[in-house]
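Notes for the one structure printed next.
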Amino acid sequence: MASLVQSVDWVAIAPPTIAAVVGLVVLVADLFVGEARKPVLGWISVAGLAAAALALLPLIGDERSTFCLRGAPYEACSYTADRFTLVVQFLVLAGALLTALLSISSLKDAKKANRPLPEGEFWFLLLSSAAGAALLPASRDLATLVVALEVASLPAFALVGLKQGDRRSSDAALKFFLSSVTATAVTLLGVSFVYAATGSLHLTRVATELTHVDGQFHTLAQAGVALTLVGFAFKTAAVPFHFWVPDTYVGAPLPIAAYLSVIGKAVGFSGLILVTVVAFPSYADVWGPALAALAALTMTVGNVAALRQQATRAYSAVRLLAWSSVGQAGYLLVPIAAAAYSDDPQKSIGSTLAYALMYAAVNLGAFAVAALVARTKPLNRVSDYRGLYAARPLAALVLGFFLLCLAGLPPGIIGLFAKVTVFSAAVDAGLGWLAVVMAVNVVIALVYYLQWTATLFRAPEGATEGAAAGAAAGAPAVARRASVPLTAAIAVTAVIGVALSGAPQLVLRFASTGLF
């Protein structure tokens with residue numbers, strides 16, 4: 001009999017625990033802090049997320065497990081802080097920290113516009129979601145995995161719908177909620193089938209038991225694996241489970257759209273990696289082709305839809321980033337599919353993590369510049385970015401760099417390196433057809449990324465030479481209106497992007513060494 005006495009390693013669980021505790025502190029403090037001092041809650045949240053990220057340092061170079069069942073017939077742990085866990089937790093907590101910096105400015109602007117958001121609830125929900133997102137990559141049993149997934153997702157529903165009196169926000173929250181609840185129901189049904197067939201929820205034990213399931217439970221096990229994968233496909237916004245993305249990004253506060261585009265994806269993809277590579281390796285012949293087909297469909301639909309966006313349509317910039325994120329999800333799926341055919345699945349998974357780290361930095365940066373433009377152009381159309389270089393030269397240069405990174409063009413070397421890494425993962429796994437589909441989609445994406453980049457440097461419509469010079473002369477005044485947190489978020493993402501473009505191999509080495 002396995003012992004029911006479980007060990008607790010507080011150092012290992014510190015990152016998600018700190019985020020959760022700070023969230024409770026902020027919620028309680030909100031009751032006692034006056035309206036004029038509400039902004040201090042944001043800085044407490046930033047400090048808490050920074051502390052949670054710093055708590056990863058003692059875990060580097062050492063694999064630690066906790067909440068373990070020890071003794072015969074097996075030993076299994078529900079929480080493991082290995083290399084994979086640390087990479088994803090770093091991505092999640094750093095991304096949440098940058099989102100918090102963006103949110104400080106957005107909450108202040110909303111208050112000035114007489115559309116205030118409830119600050120205490122906002123910060124509590126953001127920290128709670130970040131805690132769940134940090135817990136998920138460390139989860140090593142299906143129950144903890146599902147709980148972490150919901151802890152990350154449920155606060156996000158409320159964050160999307162937090163704009164009071166905004167119909168777009170309410171519609172976005174409802175659509176996001178319904179799609180996510182459907183995904184959860186499908187996932188839970190799949191997990192229950194897997195448990196019925198294997199008698200265990202621990203991922204390593206499930207992997208062992210699935211190799212010799214009794215004949216009468218074989219169909220049940222297959223159905224469980226399929227349903228679990230479908231549930232996670234919803235969370236990754238893979239086509240055809242992507243329909244909630246554009247409207248949700250438009251209706252949500254802009255920092256929350258940025259959060260969903262990066263941390264939401266990290267949650268879905270880390271869960272998908274755990275169930276496929278760790279729990280269901282014996283079904284690689286099933287999930288490998290399925291994920292390859294999903295990858296091809298997702299990148300194609302996402303890029304074609306982004307290409308069709310009209311520059312003068314309201315919120316077209318956010319919609320373009322939303323569809324772009326769907327296309328990027330297709331690229332992220334490629335190495336996971338390749339892991340089913342590879343002799344070294346860890347290398348393939350490392351390619352996904354490396355791409356995710358690159359994408360997180362530059363996509364958050366693109367949303368940060370979009371938040372800066374939205375302060376004066378609330379409709380956030382792509383056409384509103386015309387002549388941005390004349391008014392805000394640094395913002396235009398930084399956004400152009402981010403877009404080139406997403407396109408995979410120099411000087412955004414990190415984007416080019418990430419795409420080559422994913423492309424080579426497909427080729428090495430023998431998925432030549434998928435590599436061809438990816439190459440075609442990269443060319444499609446070049447069109448809309450370059451069109452947006454070119455818009456930044458065009459003269460404003462109807463502007464004369466003197467007017468353009470006057471706009472340039474007024475740039476310092478505009479720059480002074482940019483808040484410190486927003487400027488810091490743009491600067492940090494730009495520095496990371498430039499630094500990684502100088503040494504892109506560091507990302508792959510960091511993301512692929514000894515993952516499991």
Side-chain angles (χ1 to χ4, degrees), residues 236-240 242 245-246 261 265 269 291-311 313 316-338 348 351-352 354-363 365-366 382-383 385 399-458 497 500-501 504 507-508:
T236 59
V239 175
H242 67 294
V245 173
S261 74
K265 275 190 173 45
F269 279 99
L291 291 183
L294 277 180
L297 187 61
T298 300
M299 67 176 77
T300 302
V301 171
N303 286 317
V304 170
L307 185 63
R308 290 170 55 86
Q309 294 304 303
Q310 299 176 1
R313 181 183 179 185
S316 57
V318 179
R319 285 188 176 276
L320 192 151
L321 287 173
W323 283 113
S324 165
S325 74
V326 173
Q328 299 287 346
Y331 302 147
L332 287 163
L333 281 169
V334 171
I336 305 177
S348 297
S351 298
T352 290
Y355 196 99
L357 288 168
M358 179 284 301
Y359 169 76
V362 298
N363 206 62
V382 172
S383 59
Y385 291 75
L399 179 57
F401 173 72
F402 291 143
L403 293 175
L404 291 177
C405 284
L406 289 170
L409 288 177
I413 302 299
I414 183 61
L416 175 62
F417 178 82
K419 282 184 169 57
V420 170
T421 300
V422 170
F423 188 86
S424 61
V427 173
D428 292 344
L431 295 173
W433 68 270
L434 186 56
V436 171
V437 173
M438 180 180 172
V440 171
N441 274 277
V442 168
V443 174
I444 295 173
L446 285 178
V447 176
Y448 62 82
Y449 285 131
L450 290 178
Q451 283 178 341
W452 193 355
T453 304
T455 300
L456 304 176
F457 301 97
R458 289 177 183 161
L500 293 181
S501 290
V507 180
L508 186 61

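Quick note: numbers below take in every heavy atom, side chains included, and nothing from hydrogens, waters or symmetry partners. FYI, the numbering just counts along the sequence from 1.
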* **Nearest heavy-atom neighbours spanning S325 and K265** => O-CE, 3.0 Å
* Look only at the side chain of T298 and the backbone of V239, and say whether a donor-acceptor pair between them is shorter than 3.5 Å. => yes
* From L307 atom CG to S324 atom OG, the distance as rounded to the nearest 0.5 Å -> 12.0 Å
* Interatomic spacing from CG in L416 to OG in S501 - rounded to 0.5 Å -> 9.5 Å
* Asked: Of the non-hydrogen atoms in T453 and Y449, which two are nearest, and what is the gap between them?
  -> OG1-O, 2.7 Å
* To do: Just grab all the salt bridge (charged side-chain N to carboxylate O under 4.0 Å, His left out) pairs involving residues 427-441, residues at least two apart or on different chains.
  => none
* Asked: Any side-chain heavy atom of L294 sitting closer than 4.5 Å to one from L291?
  -> yes
* To do: Check whether any side-chain heavy atom of L450 lies under 4.5 Å from a side-chain heavy atom of L409, and answer yes or no.
  => yes
* Is there a donor-acceptor pair closer than 3.5 Å between any side-chain N or O of T300 and the backbone N or O of L297? -> no
* Would you confirm whether S383, through its side chain, and A311, through its main-chain N or O, come within 3.5 Å as a donor-acceptor pair? => yes
* Please round to the nearest 0.5 Å and tell me the distance separating atom CG of L431 and atom CZ of F423. => 11.5 Å
* **Chi angles and distances behind the side chain to side chain contact (heavy atoms under 4.5 Å, CB included) call for N363, F402** => CA-CA 7 Å; N363 206 62; F402 291 143; over 6 Å; no
* Would you confirm whether N303, through its side chain, and M299, through its main-chain N or O, come within 3.5 Å as a donor-acceptor pair? => yes
* Do the non-hydrogen side-chain atoms of L500 and F417 ever get within less than 4.5 Å of each other? -> no
* Asked: Which pair of non-hydrogen atoms, one from Q310 and one from S316, has the smallest distance, and what is that distance?
  -> O-CB, 3.1 Å
* Structure fact -> Scanning both residues in full, the closest heavy-atom pair of I336 with T352 reads CG1-OG1, 3.6 Å
* Asked: Looking only at heavy atoms, which two atoms of L333 and A238 are closest? And how far apart?
  -> CD1-CB, 4.0 Å
* Could you pull out the closest heavy-atom pair between A295 and G330, with the gap in Å? => CB-O, 3.5 Å
* Go through the structure and list residues passing ring pair (Phe, Tyr, Trp, His ring centres under 6.0 Å) with Y385, not counting sequence neighbours. => W452
* Is any side-chain heavy atom of L321 closer than 4.5 Å to a side-chain heavy atom of S261? -> no
* May I ask you to test the R308-W323 pair for a side-chain heavy-atom distance under 4.5 Å? => no
* Would a 4.5 Å heavy-atom cut-off, applied to side chains only, mark R319 and P246 as touching? -> yes
* L399 CG to L456 CG distance, which is reported to the nearest 0.5 Å -> 5.0 Å
* To do: Taking T421 for its side chain and S351 for its backbone only, find out whether a donor-acceptor pair lies under 3.5 Å.
  => no
* CG of L404 to CD1 of I414: how many Å apart, nearest 0.5 Å? -> 14.0 Å
* Asked: Between the side chain of K419 and the main-chain N/O of L406, is any donor-acceptor distance below 3.5 Å?
  -> yes
